[in-house]
Engineer: 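So that we are looking at the same thing, I have put the structure below in structure tokens.
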Amino acid sequence: MGVGDKEGRRDETAELARRRGFIWSAFEVYGGAAGFYDYGPLGTLLKRRIEEKWRDFYRREGFYEIETTTIAPREIFESSGHLESFTDPAVRCKECKSIFRVDENLTVAVKCPECGGGLEASGEFHLMFQTRIGAGKDKGKGGSDEEAIKRSEGYLRPETAQGIFINFQRLLKFNRDKLPFGILQIGKAYRNEISPRQSLIRLREFTLAEVEVFVDPAADKNNHPRFEEVEDRMLSLVVPGADEAEEKSVEDAVSSGIIANEYLGYHIARVDEFLECIGLPRARLQFRQHQQDEMAHYAIDCWDAEFLSERYRWMEIVGIADRGDYDLSAHARSPNVNMHVHTESGEIIPHVIEPSYGIDRIIYALLESAFYEEQIGKEKRRVLRFKREIAPIQVAVFPLLNRDELKSKAVAVFRMLRDAAIAVEYDNSGSIGKRYRRQDEIGTPHCVTIDYETLEDNTVTVRERDTMNQVRVAVPELKDVLE
RNA sequence: GCGGCAAUAGUCUAGCGGUAGGACACGGGCUUCCCAAGCCUGUAACCCGGGUUCGAGCCCCGGUUGCCGCACCA
């Protein structure tokens with residue numbers, strides 16, 4: 001935990017992230033727009049490192065990554081159910097201005113349930129961004145103007161998953177008609193949130209990293225070949241109605257029916273493992289099961305990995321859903337769409353297990369949990385304690401003093417490391433202490449300092465971020481020590 | 001979307017209806033043999049658009065963004 005009151009610390013994290021080039025709100029010079037953030041140089045490095053870790057993590061599951069479009073024609077979202085569940089007509093009360101979705105229980109004819117005032121139409125909730133594909137009218141295909149306009153409607157994807165589902169048959173062929181198999185996708189998704197707030201927590205444009213695992217419900221769901229690798233892993237689980245998390249092994253949770261099946265349990269455990277491996281403190285993680293009425297239109301069992309933020313309390317960073325055959329069946333209802341797989345037990349529609357990571361929220365969680373303030377003498381030391389592998393800058397190189405003979409040696413060491421593809425910075429400005437502090441603030445795990453002894457015996461000091469300890473290392477061994 | 005509050009250098013802030021000031025950060029220089037020391041010096045700001053006024057950073061209106069509450073979060 002950091003030193004100081006929470007109020008102070010909250011602002012410090014966001015302020016540091018902005019000032020040091022991690023993230024800032026988009027379009028600043030034009031006054032900004034809520035729900036959009038840009039990643040600066042260090043934020044982009046951090047994000048790439050997490051994405052690479054993620055790719056590597058799921059590569060080891062034997063999954064392949066694909067990249068599909070971010071815009072899709074209306075039809076896709078009609079089939080997927082998003083159009084219906086994302087864009088309800090809305091009404092607004094003339095008196096109290098409350099907004100309601102129109103459903104069976106509430107039409108324009110009735111009074112405001114809050115205050116009894118009259119209701120007026122208020123457009124629609126378009127949680128999906130709409131756009132037009134092509135010139136608009138398409139009379140060649142016949143039909144009315146209205147139908148032609150409808151055909152030209154496109155939407156920005158609200159999740160990356162649909163791009164995987166609609167390619168199912170090609171992906172199945174790629175996998176030589178065998179189940180199970182998994183497909184990854186990292187990319188932007190868009191939701192036109194009514195009221196985005198909370199920095200990276202609720203964005204209108206954000207990065208999802210999604211895994212869709214297609215399984216044979218009969219053969220696979222309770223028979224994951226690597227379940228034993230994770231079965232003893234302890235998870236913090238919160239079930240509907242419970243106030244607090246309960247520690248349970250994955251095996252216990254599955255065998256007692258808390259987690260719907262072994263396959264889902266396996267992937268929940270892997271999510272937990274991934275979050276730990278990028279450096280989120282396990283004490284601040286839990287898995288919360290959705291209530292029935294809280295689940296998305298596609299899910300049959302769903303768990304959120306939640307991170308305990310000091311500022312926002314428990315927040316969802318990953319959703320792990322058993323989507324059943326919802327998506328493939330939904331698309332299969334369209335003419336000419338076939339989502340069946342021939343197995344030994346006949347024609348089936350596979351089920352989908354889906355871990356879906358909110359990369360921006362994970363980055364927020366990492367920034368917040370890595371931020372520490374320490375009192376060093378009279379000075380405050382601010383440090384981002386990233387795990388070494390995800391730190392944007394791996395090492396900084398300094399000459400102890402700003403003198404030519406030290407500078408030229410320091411630059412030589414700097415270039416050597418840079419040529420070894422290590423993310424390295426050179427700094428000769430200000431006192432040595434000041435340079436250490438600058439690197440602490442952006443989470444650089446090691447600093448290398450060149451002094452007069454270096455000129456004699458070719459050794460340098462390597463200073464470690466968290467302990468501030470120094471060790472003497474020979475330059476040729478530097479690369480190995482840093483890695 | 002609604003209501004309340006707010007908006008000044010990169011960051012944090014001071015400011016009277018009449019010359020925008022400080023601290024830190026940053027750049028240049030000096031000093032300095034390992035943790036934001038010191039000295040000199042430089043760059044840098046009134047969210048946007050209207051209005052009132054001889055004159056608006058300050059008052060009024062609208063917008064934008066942020067914070068808090070309500071609603072929303074498939």
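If you're wondering where the values come from, they're calculated on a predicted model, not measured in any experiment. Labels below follow one simple rule: chain letters A, B, ... track the order of the sequence lines, proteins then strands, and each chain is numbered from 1.
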Engineer: One thing to verify: whether A:Asp440 and A:Arg465 come together as a salt bridge, which I'm taking to mean a side-chain N less than 4.0 angstrom from a carboxylate O.
Structural biologist: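 Judged by the 4.0 Å cut-off on N to carboxylate O distance, A:Arg465 and A:Asp440 do not form a salt bridge.
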Engineer: Between protein and nucleic acid, restricted to nucleotides 64-67 of chain B and to nitrogen or oxygen atoms under 3.5 Å apart, what atom pairs and distances do you find?
Structural biologist:
| residue | atom | partner | partner atom | Å |
| --- | --- | --- | --- | --- |
| B:rU64 | O2' | A:Gly31 | O | 2.7 |
| B:rU65 | OP1 | A:Ala34 | N | 3.1 |
| B:rU65 | O4' | A:Gly31 | O | 3.4 |

Engineer: Give the nucleotide from the list B:rC12, B:rC33, B:rC34 with an atom nearest to the side chain of A:Arg18.
Structural biologist: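 Given the options B:rC12, B:rC33, B:rC34, the side chain of A:Arg18 is closest to B:rC12.
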Engineer: Mapping A:Gly430 and A:Arg463 onto RNA chain B by nearest heavy atom, which one lands closer to the 5' end?
Structural biologist: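 Counting from the 5' end, the first nearest nucleotide belongs to A:Gly430.
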Engineer: Measuring only between side-chain heavy atoms, which start at C-beta, is A:Phe214 closer than 4.5 Å to A:Ile353?
Structural biologist: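 No, every pair of side-chain atoms sits at 4.5 Å or beyond.
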Engineer: Assign the ring pair A:Tyr426 / A:Phe414 to parallel, tilted or perpendicular, where the plane angle (0 to 90°) is split at 30° and 60°.
Structural biologist: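 Answer is tilted, since the angle falls between 30° and 60°.
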Engineer: Let me know the distance between CD of A:Glu379 and C1' of B:rA37, rounded to the nearest Å.
Structural biologist: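 In whole Å, B:rA37 C1' and A:Glu379 CD are 8 Å from each other.
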Engineer: Under 4.0 angstrom, heavy atoms only, what part of the nucleic acid is A:Arg465 near: base, sugar-phosphate, or nothing?
Structural biologist: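 No contact.
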Engineer: Nearest whole Å is fine: how far is B:rC24 P from A:Glu441 CD?
Structural biologist: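 Spelled out: CD on A:Glu441 to P on B:rC24 is 16 Å.
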Engineer: Are A:Tyr155 and A:Tyr190 close enough that their ring centers fall under 6.0 Å?
Structural biologist: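 No, the ring centres sit 6.0 Å or more apart.
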Engineer: Which nucleotide sits closest to the side chain of A:Ser195: B:rU32, B:rC34, B:rG1?
Structural biologist: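 The answer is B:rG1.
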Engineer: Could you name each residue pair satisfying salt bridge (Lys or Arg N to Asp or Glu O under 4.0 Å) that touches residues 441-451 of chain A, not counting sequence neighbours?
Structural biologist: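 Only A:Arg19-A:Glu441, A:Arg20-A:Glu441, A:Arg382-A:Glu441, A:Asp451-A:Arg472 qualify under salt bridge (Lys or Arg N to Asp or Glu O under 4.0 Å).
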Engineer: Using atom CD1 of A:Ile442 as one end and atom P of B:rU11 as the other, report the distance to the nearest whole Å.
Structural biologist: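 Result: 18 Å.
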Engineer: Side-chain N or O of A:Arg438 less than 4.0 angstrom from OP1 or OP2 on B:rC26?
Structural biologist: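 Looking at the OP1 and OP2 atoms of B:rC26, one of them is under 4.0 Å from a side-chain N or O of A:Arg438.
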Engineer: For B:rA25 and A:Lys434 - does any side-chain N or O of the residue sit under 4.0 Å from the phosphate oxygens OP1/OP2?
Structural biologist: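 Answer yes for this pair, as a side-chain N or O of A:Lys434 is under 4.0 Å from OP1 or OP2.
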Engineer: Rounded to whole angstrom units, what separation is found between the CD atom of A:Glu193 and the C1' atom of B:rA71?
Structural biologist: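 Answer to the nearest Å: 13 Å.
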Engineer: To the nearest Å, how far apart are A:Arg381 CZ and B:rA25 C1'?
Structural biologist: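 Between C1' of B:rA25 and CZ of A:Arg381: 19 Å.
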Engineer: Rounding to an integer number of Å, can you tell me how far A:Asp440 CG sits from B:rC34 C1'?
Structural biologist: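 Going from A:Asp440 (CG) to B:rC34 (C1'), I get 13 Å.
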Engineer: Any carboxylate oxygen within less than 4.0 angstrom of a Lys/Arg side-chain nitrogen, looking at A:Lys479 and A:Glu483?
Structural biologist: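 Looking at A:Glu483 together with A:Lys479, the answer is no, because their closest N to O distance does not fall below 4.0 Å.
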Engineer: Rounded to whole Å, please give me the gap between CG in A:Asp466 and P in B:rC35.
Structural biologist: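 After rounding, the gap between these two atoms is 18 Å.
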Engineer: With a 3.5 Å cut-off and sequence neighbours excluded, list the donor-acceptor pairs that the side chains of residues 442-449 of chain A form with protein atoms.
Structural biologist:
| residue | atom | partner | partner atom | Å |
| --- | --- | --- | --- | --- |
| A:Thr444 | OG1 | A:Gln439 | OE1 | 2.7 |
| A:Thr449 | OG1 | A:Tyr436 | OH | 2.9 |

Engineer: Is the phosphate of B:rG10, meaning OP1 or OP2, less than 4.0 Å from a side-chain N or O of A:Arg20?
Structural biologist: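 A:Arg20 to B:rG10 OP1/OP2: no side-chain N or O under 4.0 Å.
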Engineer: When you get a sec, tell me which of B:rA71, B:rC33, B:rC34 is the closest nucleotide to the side chain of A:Arg202?
Structural biologist: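 Shortest atom-to-atom distance from the side chain points to B:rA71.
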Engineer: Write out all pairs satisfying salt bridge (Lys or Arg N to Asp or Glu O under 4.0 Å) with one or both partners inside residues 425-436 of chain A, taking only residues at least two apart or from two chains.
Structural biologist: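 Only A:Asp427-A:Arg438 qualify under salt bridge (Lys or Arg N to Asp or Glu O under 4.0 Å).
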Engineer: Tell me which nucleotide among B:rG10, B:rC12, B:rC33 gets nearest to the side chain of A:Arg19.
Structural biologist: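 Nearest to the side chain of A:Arg19 among the choices is B:rG10.
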Engineer: With sequence neighbours excluded, what pairs up with A:Glu159 under the side-chain hydrogen bond (donor to acceptor under 3.5 Å, both in side chains) test?
Structural biologist: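 In terms of side-chain hydrogen bond (donor to acceptor under 3.5 Å, both in side chains), with neighbours along the sequence ignored, A:Glu159 is linked to A:His82, A:Gln162, A:Arg323.
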Engineer: What does A:Arg435 touch in the nucleic acid at a heavy-atom separation under 4.0 angstrom: a base, only the sugar-phosphate, or nothing?
Structural biologist: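 A:Arg435: no heavy atom of the nucleic acid under 4.0 Å.
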Engineer: Should A:Ser431 be listed as having a side-chain N or O under 4.0 Å from OP1 or OP2 of B:rA37?
Structural biologist: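 True: A:Ser431 side-chain N/O within range (under 4.0 Å) of B:rA37 OP1/OP2.
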Engineer: Nearest whole angstrom, please: distance from the C1' of B:rA25 to the CG of A:Leu16.
Structural biologist: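 These atoms are roughly 12 Å apart.
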Engineer: Compute both the distance and the angle, then confirm whether A:Lys221 meets the cation-pi test with A:Tyr263: under 6.0 Å from the six-membered ring centre, within 45 degrees of the axis.
Structural biologist: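 No - A:Lys221 does not lie over the ring of A:Tyr263 by the 6.0 Å and 45° rule.
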Engineer: Which part of the nucleic acid does A:Glu316 contact within heavy-atom distance under 4.0 Å: base, sugar-phosphate only, or nothing?
Structural biologist: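 Nothing: the residue A:Glu316, judged by heavy atoms under 4.0 Å, touches no strand.
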Engineer: The side chain of A:Gln470 is closest to which nucleotide in this list: B:rA71, B:rC35, B:rC33?
Structural biologist: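 Shortest atom-to-atom distance from the side chain points to B:rC35.
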Engineer: With sugar-phosphate meaning primed atoms plus P, OP1 and OP2, does A:Asn402 contact a base, only sugar-phosphate, or nothing at under 4.0 Å between heavy atoms?
Structural biologist: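 Base, at least one base heavy atom under 4.0 Å.
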Engineer: Just need the stems in RNA chain B: three or more back-to-back Watson-Crick or G-U pairs, each with both distances under 3.5 angstrom, sorted by first number.
Structural biologist: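 Counting only runs of 3 or more consecutive pairs, the stems involving RNA chain B are B:1-7 with B:64-70, B:10-13 with B:21-24, B:26-30 with B:38-42, B:47-51 with B:59-63.
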